[in-house]
Amino acid sequence: MIRKKRVLVGVSGGVDSLAAALLLQEQGFEVSCVTFVSWNKETEGVYIPPSKADPEEAAIKTAELCRENGFNHYLLPLAKEFDEKVIQYFISEYLSGRTPNICSHCNRFFKFEQLQIAARKFNCEYIATGHYANIRKENERYVISRSFDDWKDQSYMLWQLPQNILKMCILPLGNTLKAEVKEYVKKQGFPEQADQNESFNICFIPDNNYKEFLCRRIRSLEEILKNGELLNTNGEKIGVHDGFPFYTIGQSKNLITGNSSKLYVKEVIPHKNRLILSSKDEVFSSVIHIHKINFIKYGNLQGRFSFWVRIRGKDHGTQADVCFDEDGEAIVYFSQPAFAPAVGQSAVFYEGDDVVCGGVICRIN
RNA sequence: UGUCCGAUGGUGUAGUGGCAGCACAGCAGAUUUUGGUUCUGUUAGCCUAGGUUCGAGUCCUAGUCGGAUAA
């Protein structure tokens with residue numbers, strides 16, 4: 001008898017990863033599941049509101065659910081790794097005046113990497129998640145492309161994945177609509193999971209207050225940085241702010257200026273704890289620089305190309321000319337100015353539905 | 001000191017003697033595997049004391065505060 005192919009599915013307790021596991025089982029895989037406990041009550045700075053489930057308890061419930069359905073299930077406590085790879089990065093980026101694309105970073109340096117490590121350990125040749133995107137092999141390369149469900153597409157968050165991970169990665173939901181996934185999970189006998197709310201926001205900041213998180217994590221941060229200057233584009237002081245890490249380019253919330261029209265953060269100047277504000281028109285940029293490029297569809301590109309570029313998750317994209325240089329950096333010339341590209345965010349390049357490559361925005365012109 | 005001008009939510013402003021509006025900020029929802037954006041809803045105000053009037057943010061008088069100006 002031919003041995004079934006083994007796949008390790010990262011399950012969070014939500015609908016999508018559960019659907020992925022069930023679908024793979026239907027397709028004839030031997031399915032094992034793993035749940036990471038990325039933080040717990042003791043993790044510094046993480047506050048779990050009373051309304052939210054304790055991550056350890058939630059993981060145990062997920063484990064029970066999987067085992068009841070005949071899956072192997074492994075529970076991995078990875079709070080230390082998560083802290084080192086994800087939370088530290090998050091903090092240091094904000095303290096440097098950048099805006100980290102934390103999900104994208106986590107997928108690369110924590111989630112998929114740990115899945116790969118666990119797969120080796122548990123003797124699985126494939127890994128899988130409930131992400132909405134597709135992976136196919138073409139010309140000896142593994143190519144990520146947009147999901148069939150245009151609205152749910154998560155290919156933007158996966159651009160950093162290296163070929164050796166993509167090679168062993170299966171995304172079973174790439175050709176399915178979210179509504180179908182919910183229906184499927186319900187039919188399989190999990191109505192409770194099917195009706196769960198979408199996960200959203202930064203996962204380790206359940207109340208979505210990242211300012212409070214930073215302040216809990218770094219003692220007296222607020223005290224040191226309060227009363228920073230708000231300047232207009234003429235260099236005139238028009239107010240004060242709570243500290244540069246709590247703002248990002250394009251932001252208009254939480255700016256008390258007394259100005260009668262809406263103002264947006266145009267520039268963050270960390271060493272002076274200063275924010276430059278302007279009207280919305282002035283926050284558009286035509287040229288951005290990117291680094292830390294990861295090539296997906298083709299190997300190293302050199303020279304000038306025309307691609308669609310997305311600079312945030314829910315961005316339909318902008319046509320742009322991209323010039324790659326020899327140092328692994330690139331300059332992006334948008335055909336139409338893009339609103340509020342922020343240093344630290346991901347720029348992902350598409351050719352049709354395919355992800356060509358991505359990079360981290362390092363400079364705005 | 002005289003004269004003139006002004007005072008309306010936290011901020012900036014509209015308001016023929018007839019229901020005090022608008023914008024920005026704030027707050028609350030919606031949306032969202034990142035930040036942010038966007039959308040919807042909502043809190044909150046006539047400097048004080050008199051007077052005229054059926055009725056005063058509006059007209060009159062005085063005061064308080066702010067600005068301008070003259071010596």
Side-chain angles (χ1 to χ4, degrees), chain A residues 10-17 20 36 38 86-87 89-91 93-112 129-133 147 149-160 171 173 178 181 196-214 230 232 238-242 244-268 275 277-281 283-285 310-316 338-348 358 360-361 364:
Chain A
V11 293
S12 60
V15 214
D16 295 329
S17 49
F36 301 150
S38 308
V86 181
I87 295 183
Y89 172 80
F90 180 82
I91 293 169
E93 284 292 285
Y94 268 117
L95 293 186
S96 306
R98 293 186 287 267
T99 308
N101 207 152
I102 199 65
C103 287
S104 173
H105 181 87
C106 171
N107 282 336
R108 166 64 181 87
F109 294 101
F110 177 76
K111 193 176 283 177
F112 282 81
T129 69
H131 282 95
Y132 287 79
S147 67
D149 190 329
D150 202 49
W151 179 248
K152 283 298 297 178
D153 175 50
Q154 290 169 323
S155 58
Y156 172 83
M157 293 298 186
L158 300 175
W159 70 268
Q160 298 194 59
L171 304 178
L173 306 188
K178 176 78 188 190
V181 169
Q196 265 177 6
N197 290 330
E198 295 282 317
S199 71
F200 60 91
N201 298 139
I202 303 167
C203 66
F204 55 95
I205 307 179
D207 59 358
N208 200 30
N209 189 342
Y210 84 86
K211 175 186 169 184
E212 207 182 305
F213 174 83
L214 290 175
L230 293 174
N232 64 18
I238 52 173
V240 294
H241 64 80
D242 301 340
F244 73 88
F246 314 132
Y247 300 85
T248 185
I249 293 170
Q251 178 166 344
S252 121
K253 276 172 83 86
N254 267 319
L255 291 170
I256 298 173
T257 62
N259 199 293
S260 54
S261 67
K262 220 176 168 85
L263 291 176
Y264 296 77
V265 176
K266 181 181 170 64
E267 205 182 333
V268 179
L275 303 178
L277 307 184
S278 69
S279 67
K280 188 167 186 175
D281 303 347
V283 188
F284 283 79
S285 295
R310 291 164 80 185
I311 55 168
R312 52 178 61 80
K314 284 277 175 280
D315 176 11
H316 58 271
F339 177 67
V343 174
Q345 291 283 290
S346 298
V348 182
V360 175
I361 299 170
I364 315 290

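Note on naming: letters A, B, ... go to the chains in the order of the sequence lines (proteins, then strands), and numbering restarts at 1 for each one.
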Using atom CG of L263(A) as one end and atom C1' of A23(B) as the other, report the distance to the nearest whole Å.
12 Å
Anything under 30° is parallel, anything over 60° is perpendicular, the rest tilted; go ahead and classify Y94(A) against Y210(A).
parallel
In whole Å, measure the gap between the P atoms of G41(B) and A25(B) for me.
15 Å
Quick one: I238(A) CD1 to G12(B) P, roughly how many Å, whole number?
14 Å
Whether each nucleotide of nucleotides 37-45 of chain B has a protein heavy atom under 4.0 Å at its base (B), only at its sugar-phosphate (S) or at neither (-) is summarised, 5' to 3', as SS-------
Under 3.5 Å for both pairing distances: what stems, at least three Watson-Crick or G-U pairs long, include RNA chain B?
B:1-7 with B:64-70, B:10-13 with B:21-24, B:26-30 with B:38-42, B:47-51 with B:59-63
Protein-nucleotide distance (N209(A), atom CG; C27(B), atom C1'), rounded to Å
14 Å
Sugar-phosphate, base or nothing in reach of S261(A), heavy atoms under 4.0 Å
sugar-phosphate
Let me know the distance between CE of M157(A) and P of U34(B), rounded to the nearest Å.
5 Å
Taking the side chain of I256(A) as heavy atoms from C-beta outward, which of A25(B), G36(B), U34(B) is closest to it?
A25(B)
Look at the side chain of Y247(A) and the backbone N and O of N254(A), then say whether any donor-acceptor pair between them is shorter than 3.5 Å.
yes
Contact between S278(A) and V283(A) at the side-chain level, heavy atoms closer than 4.5 Å - yes or no?
yes
